[in-house]
Amino acid sequence: MANLKINDINKNFGSTEVLKGINLDINDGDFLVLLGPSGCGKSTLLNTIAGLETSNSGEILIDNHVVNNMEPSDRDIALVFQSYALYPAMTVRKNVTFGLEQRKTPKEKISEALNEVSNLLQINELLDRKPSQLSGGQRQRVAMGRALVRHPKVFLFDEPLSNLDAKLRVEMRREIKKLHKRLKTTIVYVTHDQTEAMSLGTNIAIMDQGKIQQCDTPKNIYNKPQNMFVADFIGSPSMNLLEGSLNNKMFKPNGSDNVQIPLEKYDFINKNINNGSIFLGIRPEHVYFDKVNEDCFGIKLKSEIIEYTGHEQIITFNFSGQQFLGKFPSTIDIQMDKELDLYIDLKQISLFDKNTQNRI
Ligand code: ADP
Ligand code: MG
């Protein structure tokens with residue numbers, strides 16, 4: 001087990017900057033999820049930590065030792081890929097123990113380690129099979145076994161569940177969580193799946209275009225997004241972002257002449273901020289048909305579209321020309337093309353500056 005520190009890492013492929021000043025502090029036993037859209041640089045960052053790629057500048061420290069110039073095999077890191085990368089000609093047993101044999105580990109030690117890992121991952125019955133005789137989930141388990149058997153200081157996962165079908169993905173997700181609870185290993189886990197990120201991580205680093213946009217607990221990422229990218233990226237459907245103007249702690253949405261939303265209870269980062277063009281963010285699940293608390297702001301909006309998803313329904317309203325979504329239990333009846341009384345919970349809003357796109 002170890003801590004991992006990433007100091008101002010930059011990485012170019014030719015003239016393309018792929019990592020732009022990445023800083024991360026990962027404590028012993030943390031489960032950090034790197035979450036971001038495809039192509040934002042997640043795998044490049046993971047490969048740089050593992051030593052498969054070299055950075056152009058910056059430092060990587062494991063347990064306070066700089067490892068930039070260390071070979072991947074000397075870093076005491078295990079990497080599990082999406083593609084499993086098992087040796088097809090070897091049995092499961094051999095796949096798991098091969099690395100230890102290469103390192104001339106004593107026979108009893110190897111057999112002990114194999115025992116421990118196959119019990120932990122429940123692959124005892126599979127030891128004599130070849131990878132081609134395994135299901136996707138079993139292959140993924142073997143790939144994790146091969147990584148675990150070395151007791152690495154840090155575990156790196158690169159989208160390990162992407163090749164599995166939806167049901168198995170949820171099961172394996174739970175198993176990885178269990179494994180972390182039990183072993184308390186430091187983990188950096190890459191995914192583009194926000195549910196996977198929210199449910200697995202002790203911390204989530206949201207990445208976009210080679211930069212960390214926010215690194216925080218899942219709850220803070222969800223409730224206090226630091227900028228509009230994070231606000232929009234997390235949550236399904238996304239947070240409503242109403243464009244308008246701020247004036248003396250009142251919000252006037254664009255296109256509406258008579259709506260003024262009071263913001264005096266909002267926790268502004270800059271207490272002196274007074275006016276300007278802003279976005280008011282509110283999640284569709286924080287819009288209600290009842291006044292659920294004292295901080296609710298009442299408004300009449302016309303319902304336009306209904307999307308039924310089984311346990312929920314998503315309604316599109318017209319907010320003075322701006323699209324505005326609400327998410328409700330599917331058990332209630334909602335009329336379409338009608339002006340309806342709604343309540344927005346002002347305790348749950350986020351405000352963003354239109355120019356900087358940052359939380360204010
Ligand atoms: P992610 O894992 O977030 O999908 P990657 O780290 O794989 O993103 O890629 C980040 C960017 O770097 C992409 O634009 C990709 O095309 C580019 N890239 C990745 N590897 C190489 C490489 N070996 N040579 C050139 N460009 C690369
Ligand atoms: Mg990738």
Side-chain angles (χ1 to χ4, degrees), residues 4-24 26 30-60 67-69 71-72 75 77-86 136 139-140 143-144 146-147 152 154-166 168-169 172-173 176 186-201 203-216 218 221 225-236 238:
L4 175 64
K5 208 171 160 64
I6 294 163
N7 280 344
D8 208 15
I9 288 285
N10 289 282
K11 167 80 183 165
N12 305 338
F13 285 118
S15 58
T16 319
E17 282 181 277
V18 176
L19 302 178
K20 304 169 190 167
I22 303 277
N23 288 291
L24 284 173
I26 303 150
D30 271 2
F31 194 134
L32 178 86
V33 178
L34 271 177
L35 174 67
S38 179
C40 73
K42 304 180 298 293
S43 294
T44 305
L45 178 57
L46 212 64
N47 291 341
T48 309
I49 297 170
L52 303 174
E53 296 278 1
T54 17
S55 60
N56 293 79
S57 61
E59 281 181 335
I60 295 166
V67 299
N68 289 49
N69 295 323
E71 286 298 314
R75 292 190 185 193
I77 281 179
L79 183 54
V80 179
F81 298 99
Q82 172 184 349
S83 61
Y84 321 130
L86 299 175
R139 280 182 214 172
Q140 191 50 264
M144 289 202 289
R146 189 175 55 179
V154 181
F155 248 113
L156 306 178
F157 287 95
D158 195 349
E159 312 227 15
L161 308 183
S162 307
N163 282 344
L164 307 179
D165 63 56
L168 192 55
R169 205 154 61 217
M172 286 298 285
R173 188 171 88 199
I176 292 177
T186 309
I187 293 178
V188 183
Y189 185 106
V190 164
T191 181
H192 65 270
D193 178 337
Q194 54 166 303
T195 315
E196 213 168 285
M198 295 296 261
S199 57
L200 279 175
N203 282 291
I204 299 177
I206 308 261
M207 223 174 144
D208 185 42
Q209 297 184 24
K211 285 189 185 152
I212 303 290
Q213 301 289 329
Q214 183 171 359
C215 183
D216 221 322
I221 293 268
Q226 288 306 300
N227 58 44
M228 283 171 65
F229 177 82
V230 176
D232 184 59
F233 190 71
I234 293 285
S236 177
S238 294

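Remember, it's 1-based here, ligands and their atoms both numbered in the order they're listed.
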Do any nitrogen or oxygen atoms of K42 lie less than 3.5 angstrom from nitrogen or oxygen atoms of ligand 1?
-> yes

K42 side chain to L35 backbone, donor-acceptor under 3.5 Å | no

Criterion side-chain contact (heavy atoms from CB on, under 4.5 Å) on Y189 and E196, from CA distance to verdict = CA-CA 10 Å; Y189 185 106; E196 213 168 285; 2.7 Å; yes

Please report which non-hydrogen protein atom sits nearest to atom 1 (P) of ligand 1, along with the residue it belongs to and the distance in Å to one decimal place.
-> G39 N, 3.5 Å

Nearest non-hydrogen protein atom, atom 6 (O) of ligand 1 = T44 OG1, 2.5 Å

Roughly how far, to the nearest 0.5 Å, is the CD1 atom of I212 from the CD1 atom of I9?
-> 11.5 Å

What is the minimum heavy-atom distance between V33 and A197, and which atoms define it?
-> CG1-CB, 3.5 Å

Passing option when L45 is tested against I22, L156, V18, V188 for side-chain contact (heavy atoms from CB on, under 4.5 Å) | I22

Can you find a protein heavy atom closer to atom 16 (O) of ligand 1 than 4.0 Å?
-> no

Are any of the N or O atoms of F13 closer than 3.5 Å to those of ligand 1?
-> no

Heavy-atom nearest neighbour in the protein, as seen from atom 8 (O) of ligand 1, with distance rounded to 0.1 Å = G41 N, 3.3 Å

Proximity flag S38 to ligand 1, non-hydrogen atoms under 4.0 Å | yes

If you scan protein heavy atoms around atom 7 (O) of ligand 1, the nearest is S43 CB, 3.7 Å

How about atom 10 (C) of ligand 1: does it have a protein heavy atom within less than 4.0 Å?
-> yes

Heteroatom test (N, O or S) for S43 near the Mg ion (ligand 2), limit 2.8 Å | yes

Taking R75 for its side chain and V67 for its backbone only, find out whether a donor-acceptor pair lies under 3.5 Å.
-> yes

Look only at the side chain of Q194 and the backbone of G235, and say whether a donor-acceptor pair between them is shorter than 3.5 Å.
-> yes

Please say whether V18 places an N or O atom under 3.5 Å from an N or O atom belonging to ligand 1.
-> no

Q226 (side chain) donor-acceptor with Q214 (main chain) under 3.5 angstrom = no

